[in-house]
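Structure first, then comments.
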Amino acid sequence: MIKITNLKKYYEQNLVLNDISLQIKKGEIYAIVGHSGAGKSTLLRCINGLEDYQGGSLEVLGEEISNLKQNYPKKLRFLRKNIGMIFQNFALINRKNVFENVAIPLRTHYSQSRFYAKLFKKDFMSEDEVQAKVNKLLDIVGLLEKSKAYPKELSGGQKQRVAIARALTLDPKILLSDEATSALDPNTTKNILELLQKINKELHISIVLVTHEMDVVKEVAQKAILLEKGKVIGEGLIDELFLKPNHKMKEFLGESDFLPDKGLNIKLYFPKEIAQKSIITHMARTLDIDFNIVWGKIEKLNGNALGNLVININQKDKEKVLDYIEKSKVLWEIVS
Ligand SMILES: Nc1ncnc2c1ncn2[C@@H]1O[C@H](COP(=O)(O)OP(=O)(O)OP(=O)(O)O)[C@@H](O)[C@H]1O
Ligand SMILES: [Mg+2]
């Protein structure tokens, strides 16, 4: 769907995207994460052809964006039909009601009069078809009964639902979301994320999610890229990024390991299927040993419980503990 290789983007002398590579496949929910100023929005704007880039390659649906921008503006417009976008501030038109806000892309893209369609070489879409399409989308986002309301009469979450419906009117294959939940409270955020997941599953739309909120990433994304000052500091499957964070990633998450210097510290990584079993207490009982739990956490990633735990054992127990852990299929490493 999206293939980015060694992408570079400058604002004048300022290198804001520095050698970015990533691939987003059909049906994925992919998060772009980073602090303010990291280059997240810029990357998103490159993807939908709003910004130029000066190096590397950026292919969307098999087309090199810079090539379309320079040589095939019509093709670029057509490609952008396949890319819906939502924003933190919703970007609704206040003097139009919910129905008309959602209908905007249909009315700009198609003509509802056969005469004007021919005159302006636009495609034709009848008013009945517009009504049916908008109502179907309002139904999907749960706002059918608000179709006559104006934006000022809606809550933040409802406004974002309208924006989501509008982003889907031209049947995009990709939905880009720039901090779509950042202005919402945690509960509303959860509802909007559930809606995005539903859209991803039922309409088979790939979603690229820009956010600075780790909880959002953990909740819905399958893969993520972490940006810091325009550079990639981590990329890959969410499970791996969070369970085995590299040094940079730990810094980003504000995590550091405080480890006892006596004994042996073993870090355990629990795969999905055994995260919630009480392996550790069972081990202590079976092997009849003492140990300390240094720290640990279990998190929900993508609906799966995943955890890691650091235990501190006596050197003398090393062999039997590692033997036990190995047998129980928990990943481990010795940390100091
Ligand atoms: N139009 C522009 N002209 C010049 N510099 C820009 C422009 N837009 C963004 N920048 C700079 O590019 C860098 C990346 O900005 P960008 O908006 O992509 O960050 P971001 O990760 O989306 O941040 P935030 O989380 O605050 O939205 C910043 O240093 C910013 O100042
Ligand atoms: Mg931004």
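Heavy-atom basis, side chains included; hydrogens, waters and symmetry copies ignored. Whatever order the structure lists ligands and atoms in, that order sets their numbers, starting from 1.
A salt bridge is absent between Lys198 and Glu194; no separation between the charged side-chain nitrogens and carboxylate oxygens falls under 4.0 Å.
A donor-acceptor pair is defined here as one N or O able to donate and one able to accept, closer than 3.5 Å; such a pair exists between the side chain of Gln160 and the backbone of Phe87. Not one N or O on the side chain of Asn14 forms a donor-acceptor pair closer than 3.5 Å with the backbone of Tyr10.
Donor-acceptor pairing under 3.5 Å is lacking for the side chains of Ser126 and Gln112.
Taking 4.0 Å as the cut-off, His35 counts as a neighbour of ligand 1 on heavy-atom distance.
Shortest contact from atom 3 (N) of ligand 1 to any protein heavy atom: Tyr11 CD2, 3.5 Å. Of all protein heavy atoms, the one lying nearest to atom 12 (O) of ligand 1 is Val16 CG1, 3.1 Å.
At a heavy-atom distance under 4.0 Å, atoms from both the backbone and the side chain of Thr42 approach ligand 1. Contacts of His212 with ligand 1, taken as heavy-atom pairs under 4.0 Å, are absent altogether.
Remark: among candidates Ala38, Ser41, Gly39, Gly37, the nearest residue to atom 27 (O) of ligand 1 is Ser41, based on non-hydrogen atoms.
A cation-pi arrangement is absent between Lys118 and Phe115 under the rule of less than 6.0 angstrom and at most 45 degrees off the ring axis.
Among the backbone and side-chain atoms of Ser41, an N/O/S atom is found under 2.8 Å from the Mg ion (ligand 2).
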